[in-house]
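Reviewing the structure listed below.
From a predicted model like this one, the values you see are computed outputs, not experimental measurements.
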Amino acid sequence: MRYAKSSSATTSRRNLLLGTAAAGAMFAAGCTSNENNDDGDNAKQAANTANDKPGKAVTIGFAGPQADHGWLNAINEQAKRRAKEYKDVTLEATEGSNDTAQQIGQIETLINKKVDVLVILPADGKALTQVGLKAMRAGIPVVNLDRIFASPQAYRCWIGGDNYGMGLNAGRYIGEQLKGKKNAKVIELAGIDNLELTRQRTEGFNDGLKNYPNIKKVGRQAAEFTVESGQAKMAQLLQAHSDFDALWNHDDDQGVGAERAIKQAGRDDFLMVGGAGAKHAMDAIKADNSVLKATVLYPPTMAASAIDLARALGQGKGVGGLAELEIPASLTLYSAVVTKDNVDEYLPTGFS
């Protein structure tokens with residue numbers, strides 16, 4: 001499944017994730033056997049599908065990250081904006097923290113307030129597993145957002161991005177651009193190497209490139225998801241490699257620094273692919289006047305979808321477009337590649 005793809009992002013997300021009651025019933029009718037296709041079964045499915053009409057009041061506790069990065073700030077904004085669209089949702093949001101102990105305390109406060117559902121993007125999934133378990137044992141279903149808890153018992157539903165798929169699609173895109181070039185060379189500007197997500201992105205990238213035997217990865221540096229680190233590490237890569245054909249940068253925020261280093265070096269002899277889907281990257285792709293030609297999404301709209309899922313859980317509803325009466329246990333978002341050919345479609349989802 002893919003969420004918030006079109007320029008009318010809110011409408012698309014509603015129709016795809018939650019759907020209208022009629023759409024849920026029609027899809028269910030097409031996916032079940034003929035003997036279950038009577039109007040009574042369709043009506044039952046429609047009645048159990050979450051939609052935009054006001055229903056049972058739900059209080060959602062949201063424990064997000066400290067907004068010290070463009071993508072993390074977008075996560076918080078997406079969750080808050082989505083909750084405001086529902087008249088039957090009250091959002092209890094914490095201030096956001098990257099400090100494990102502080103975030104645990106914030107979540108425990110939400111548990112003590114007896115919110116109906118919790119949406120948690122943990123600063124550290126492993127370290128916050130116990131508080132997720134505590135919420136579940138208290139009868140509060142948890143929607144685990146992106147950074148996953150160490151135990152599936154700590155959440156009712158996980159929704160997040162596909163780090164491996166992000167790297168895979170970056171490798172495939174670059175491979176297609178260079179497939180006619182002999183002895184093509186690529187380099188990689190990764191994120192923080194001690195994070196599993198960075199390792200997954202690199203693994204996916206390497207696997208994507210394996211489909212193109214004419215391409216060799218000749219350099220890699222790990223930055224820290226900051227503008228400053230992106231500029232410093234990119235400068236090192238440029239100094240070490242005077243000749244290459246493509247660059248994949250894991251993160252559009254550190255990509256701002258990388259682009260500065262590229263301009264300072266006066267280089268324009270390669271193509272660059274970014275990562276995450278920042279608005280400034282999409283603007284540059286649309287302008288088509290720099291080395292940046294594409295970015296691979298890691299959509300912060302997952303936070304809006306997490307609110308949708310939490311509301312459905314609180315109301316005891318299922319997901320429109322699926323025959324199941326319950327929401328899935330996990331949802332992995334797709335890492336689409338944004339280029340000048342489709343950038344207008346994705347611009348509304350770009351984050352600052």
Side-chain angles (χ1 to χ4, degrees), residues 1 3-4 10 13-21 23-25 27-28 44-64 75-76 78-94 106-122 125 128-129 131-149 151-160 301-333:
M1 281 189 161
Y3 305 110
T10 299
R13 186 166 58 246
R14 286 174 177 170
N15 290 344
L16 189 52
L17 178 61
L18 297 179
T20 61
F27 189 96
K44 184 185 294 185
Q45 176 68 18
N48 202 51
T49 298
N51 55 54
D52 289 339
K53 295 179 180 179
K56 175 186 174 183
V58 177
T59 299
I60 300 172
F62 176 73
I75 282 287
N76 293 336
Q78 286 280 344
K80 293 172 183 176
R81 188 180 304 123
R82 187 66 176 136
K84 287 181 180 178
E85 295 178 13
Y86 290 122
K87 294 181 179 180
D88 51 19
V89 168
T90 299
L91 190 71
E92 292 274 356
T94 66
Q106 292 172 341
I107 295 168
E108 287 179 336
T109 297
L110 293 172
I111 293 172
N112 292 334
K113 286 184 175 182
K114 301 185 180 194
V115 297
D116 297 305
V117 189
L118 273 167
V119 175
I120 303 172
L121 195 159
L128 269 75
T129 298
V131 77
L133 287 166
K134 183 176 180 179
M136 292 289 288
R137 289 167 182 160
I140 301 173
V142 174
V143 177
N144 182 193
L145 181 57
D146 198 45
R147 299 173 190 168
I148 195 165
F149 292 132
S151 169
Q153 297 185 66
Y155 58 89
R156 165 59 182 82
C157 176
W158 173 85
I159 179 171
T301 49
M302 65 178 73
S305 295
I307 296 298
D308 291 337
L309 293 167
R311 175 176 176 263
L313 276 170
Q315 294 180 341
K317 301 288 188 178
V319 177
L322 294 179
E324 281 69 32
L325 299 179
E326 300 284 348
I327 70 167
S330 65
L331 288 167
T332 303
L333 305 190

| message | One pair to check against side-chain contact (heavy atoms from CB on, under 4.5 Å): Gln153 and Leu133. What are the steps and the verdict? | response | CA-CA 6 Å; Gln153 297 185 66; Leu133 287 166; 3.6 Å; yes
Using atom types as modelled and distance alone, determine if a side-chain donor or acceptor of [X] lies under 3.5 Å from a backbone N or O of [Y].
X	Y	answer
Gln315	Lys56	yes
Asn144	Arg147	yes
Arg82	Ala306	no

What's the shortest heavy-atom distance between [X] and [Y], and which atoms?
X	Y	result
Phe149	Gly125	CD2-O, 3.3 Å
Val58	Ala310	CG1-O, 4.4 Å
Gly64	Asn76	CA-OD1, 3.8 Å
Leu91	Ala79	CD2-O, 4.2 Å
Met136	Pro141	SD-CA, 3.8 Å
Ile159	Met302	CD1-O, 4.0 Å

Got a second to check how far [X]'s [atom1] is from [Y]'s [atom2], nearest 0.5 Å?
X	Y	atom1	atom2	answer
Leu110	Ile60	CG	CD1	11.5 Å
Asn112	Ile107	CG	CD1	12.0 Å
Phe62	Leu121	CZ	CG	7.0 Å
Lys317	Ile327	NZ	CD1	14.0 Å

| Taking it one step at a time, do Leu309 and Leu331 satisfy side-chain contact (heavy atoms from CB on, under 4.5 Å)? | CA-CA 10 Å; Leu309 293 167; Leu331 288 167; 3.6 Å; yes
| Min side-chain heavy-atom separation Pro328-Leu322 under 4.5 Å |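 Side-chain contact under 4.5 Å: yes.
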| query | Looking at Leu313, Ile307, Leu118, which hits side-chain contact (heavy atoms from CB on, under 4.5 Å) with Val143? | reply |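 The single option meeting the side-chain contact (heavy atoms from CB on, under 4.5 Å) with Val143 is Leu313.
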| request: Identify which one of Val131, Ile120, Ile111, Thr94 satisfies the side-chain contact (heavy atoms from CB on, under 4.5 Å) criterion when paired with Gln106. | output: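 Considering Val131, Ile120, Ile111, Thr94, a side-chain contact (heavy atoms from CB on, under 4.5 Å) with Gln106 is found only for Thr94.
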| Summary of salt bridge (charged side-chain N to carboxylate O under 4.0 Å, His left out) pairs that have at least one residue in residues 131-146, sequence neighbours excluded |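 Output for this query lists Glu108-Lys134.
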| field | By side chain to side chain contact (heavy atoms under 4.5 Å, CB included) - contacts of Pro152 (at least two apart) | value |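 Side chain to side chain contact (heavy atoms under 4.5 Å, CB included) list for Pro152, sorted by chain: Tyr155.
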| said: Can you list everything that forms a side chain to side chain donor-acceptor pair (under 3.5 Å) with Lys113? Sequence neighbours excluded, please. | reply: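 With sequence neighbours excluded, Lys113 shows a side chain to side chain donor-acceptor pair (under 3.5 Å) to Glu92, given in chain and number order.
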